[in-house]
Amino acid sequence: MFYPVYRARRIRSKEIFRNMVRETSLSANDLIYPMFSAFGTGIKKEISSMPGIYQQSIENIVEEAQEVYELGVPAVILFGIPEQKDAMGSDAYSDTGIIQETIRAIKKSVPNLAVITDVCMCEYTDHGHCGIIKNGDVDNDETLELLAKEALSHARAGADMVAPSDMMDGRVAAIRESLDNNGYKDIPVMSYAVKYASGYYGPFREAAESTPQFGDRRSYQMDPANRLEAIREARMDVEEGADILMVKPGLPYLDIVRDVRNEFNLPTAVYNVSGEYSMVKAAAKAGWIDEDRVVMETMISFKRAGADLILTYHSKEVAKLLKKGYEAELKARTTCGCR
């Protein structure tokens with residue numbers, strides 16, 4: 001009988017060796033937690049398609065932000081549900097808008113938690129699209145002016161970073177110029193550089209109340225079939241001054257995460273989007289998967305693909321598992337799992 005010279009199981013046989021040669025690591029510092037801030041008081045409304053995630057009024061957002069910080073998660077990203085929406089999305093760039101007020105409240109109560117803001121119009125427009133509508137579609141160049149105003153208003157309110165997600169051509173340059181010209185040259189831009197027109201966003205549209213009232217977003221978000229285009233999109237944002245490049249969604253686009261990481265010498269983020277989160281929650285509720293194990297495997301897959309940062313609704317769960325010592329927890333309750 002032939003016995004191989006190299007036996008992989010020699011290293012796998014002991015946990016201490018497995019830990020020593022592990023190629024990919026995960027920490028709470030890699031996580032960014034998305035939160036939905038709603039106008040009003042006393043609001044904590046669970047999103048039906050996203051168990052454990054809520055639309056919350058500012059006082060509850062602040063309370064959860066404190067919990068997030070205590071778990072060791074260093075940053076949150078904010079999405080807003082305003083009191084009123086209009087065709088121009090005016091709450092997005094109002095100094096007293098829902099996000100601006102939320103930023104001030106979090107920075108007052110949890111000053112060391114980094115506050116990142118989503119910069120887009122879809123949550124604030126009555127038509128649900130990401131900019132000004134002309135001739136039945138979003139007008140790219142006029143929308144840039146509003147996005148620049150929105151990012152500047154977030155910086156004035158105390159945001160630590162802005163993250164444009166609209167996919168308008170030239171929006172990173174417009175935002176960078178606006179910030180620089182108004183004394184905010186040190187505010188970084190995390191660009192949703194590669195954002196696909198995806199079916200995985202469904203639960204988010206319930207959470208942010210941002211479903212388009214007509215048509216779809218394929219004229220400005222990317223075709224899921226395109227890979228080379230992702231590099232062109234990311235390169236454009238690098239040239240315009242982006243500090244971090246994001247790929248969204250996550251799991252169906254791990255190849256794109258790796259491509260972006262290999263191509264550019266900038267930090268890379270990935271968004272583990274609402275549909276990915278909801279599928280795990282639904283399967284776990286049905287008893288089909290070990291939720292903790294699948295969540296942690298998913299996080300490791302993002303890191304292995306090359307992501308430095310992970311935006312995920314699982315952030316609190318992951319941080320808790322890491323605090324408990326996930327490997328010990330898994331070892332105590334797992335079975336073979338061979339199938």
Side-chain angles (χ1 to χ4, degrees), residues 32 75 77-80 86-104 107 114-125 129-134 137-195 217 219-222 229-248 260 263-269 271 308-309 311:
I32 298 171
I77 184 166
L78 299 178
F79 301 89
D86 57 41
M88 300 294 287
S90 56
D91 194 272
Y93 43 88
S94 168
D95 284 337
T96 56
I98 182 61
I99 289 299
Q100 291 79 357
E101 296 290 4
T102 306
I103 296 166
R104 293 185 187 101
K107 295 307 293 184
V115 175
I116 305 168
T117 58
D118 178 77
V119 177
C120 194
M121 305 301 296
C122 64
E123 301 139 64
Y124 309 96
T125 56
H129 278 281
C130 298
I132 297 172
I133 299 297
K134 284 193 174 181
D137 198 3
V138 175
D139 185 289
N140 190 98
D141 294 0
E142 288 199 27
T143 298
L144 296 183
E145 297 179 23
L146 298 188
L147 295 170
K149 286 176 64 176
E150 182 181 6
L152 181 58
S153 74
H154 293 174
R156 283 175 173 153
D160 298 290
M161 182 186 294
V162 295
S165 64
D166 54 282
M167 288 301 285
M168 297 298 113
D169 296 336
R171 87 270 203 213
V172 172
I175 289 169
R176 185 73 270 160
E177 182 179 22
S178 177
L179 293 173
D180 290 355
N181 289 345
N182 288 278
Y184 296 98
K185 59 182 175 57
D186 293 327
I187 298 292
V189 175
M190 177 168 65
S191 169
Y192 289 65
V194 182
K195 181 178 179 180
R217 296 176 177 144
S219 73
Y220 45 100
Q221 294 178 359
M222 286 177 54
E229 184 184 13
I231 300 303
R232 295 197 297 271
E233 284 281 1
R235 179 170 288 112
M236 190 160 53
D237 288 0
V238 171
E239 292 170 353
E240 292 177 14
D243 300 285
I244 300 172
L245 301 173
M246 187 198 302
V247 176
K248 180 182 180 183
V260 170
E263 187 72 22
F264 302 103
N265 188 27
L266 282 179
T268 302
Y271 202 138
D308 302 291
L309 302 171
L311 290 79

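Hydrogens, waters and symmetry mates are skipped; everything else that's a heavy atom, side chains included, is used.
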Can you measure from CD1 (Ile132) to CG (Leu144) and round to the nearest 0.5 angstrom?
9.5 Å
Under the 3.5 angstrom rule, does the side chain of Thr143 hit a backbone N or O of Asp139 as a donor-acceptor pair?
yes
Please name the pair of heavy atoms, one in Tyr124 and one in Ala92, separated by the smallest distance, quoted to 0.1 Å.
CD1-CB, 3.4 Å
Before giving the answer on side chain to side chain contact (heavy atoms under 4.5 Å, CB included), spell out for Met190 and Leu311 the whole-Å C-alpha distance, their side-chain angles and the decisive distance to 0.1 Å.
CA-CA 12 Å; Met190 177 168 65; Leu311 290 79; 4.3 Å; yes
Could you measure the distance from the CE atom of Met222 to the CD atom of Glu233? Nearest 0.5 Å is fine.
6.0 Å
Looking at every heavy atom in both Ile103 and Gly158, which two are closest together, and how far apart are they?
CG2-C, 3.5 Å
Where is the tightest heavy-atom contact between Val162 and Ala151, given as atom of each residue plus distance?
CG1-O, 4.0 Å
Which pair of heavy atoms, one from Ala159 and one from Thr117, lies closest together, and at what distance?
CB-CG2, 4.0 Å
Would you mind checking if Arg176 and Asp243 are paired as a salt bridge, meaning a charged N to carboxylate O distance below 4.0 Å?
yes
Compare all side-chain heavy atoms of Tyr93 with those of Glu145 and state whether any distance is below 4.5 angstrom.
no
To the closest 0.5 Å, what do you measure between CD1 (Ile175) and NE2 (His154)?
10.0 Å
I want to check something: taking the side chain as every heavy atom from C-beta on, are Ile244 and Met161 in contact at a cut-off of under 4.5 Å?
yes
If we only count heavy atoms from C-beta on, is the Cys120 to Met167 side-chain gap below 4.5 Å?
no
Any donor-acceptor pair under 3.5 Å from Asn140 side chain to Met168 backbone
no
Please report the closest heavy-atom contact between Asp308 and Leu266, naming both atoms and the distance.
OD2-O, 4.3 Å
Could you tell me if the side chain of Ile99 sits less than 4.5 Å from the side chain of Glu150, heavy atoms only?
no
Worked verdict on Val172 versus Met236 for side chain to side chain contact (heavy atoms under 4.5 Å, CB included):
CA-CA 9 Å; Val172 172; Met236 190 160 53; over 6 Å; no
Scanning both residues in full, the closest heavy-atom pair of Leu245 with Ala234 reads CD2-O, 4.0 Å
Distance from Ser165 atom OG to Arg171 atom CZ, nearest 0.5 Å?
8.0 Å
Donor-acceptor under 3.5 Å (Ser94 side chain, Ser90 main chain)
no
Do Arg235 and Glu263 meet the salt-bridge criterion of a basic N to acidic O distance under 4.0 Å?
yes
Counting heavy atoms not belonging to Glu229, are there more than 12 under 6.0 Å from its CD?
yes
So do Ile133 and Val138 actually touch side chain to side chain, heavy atoms under 4.5 Å?
yes
So do Asn182 and Arg156 actually touch side chain to side chain, heavy atoms under 4.5 Å?
yes
In this structure, CG of Asp166 is separated from CG of Leu147 (nearest 0.5 Å) by 4.5 Å
Looking at CG of Asp237 and CZ of Arg232, how far apart are the two atoms once the value is rounded to the nearest 0.5 Å?
13.5 Å
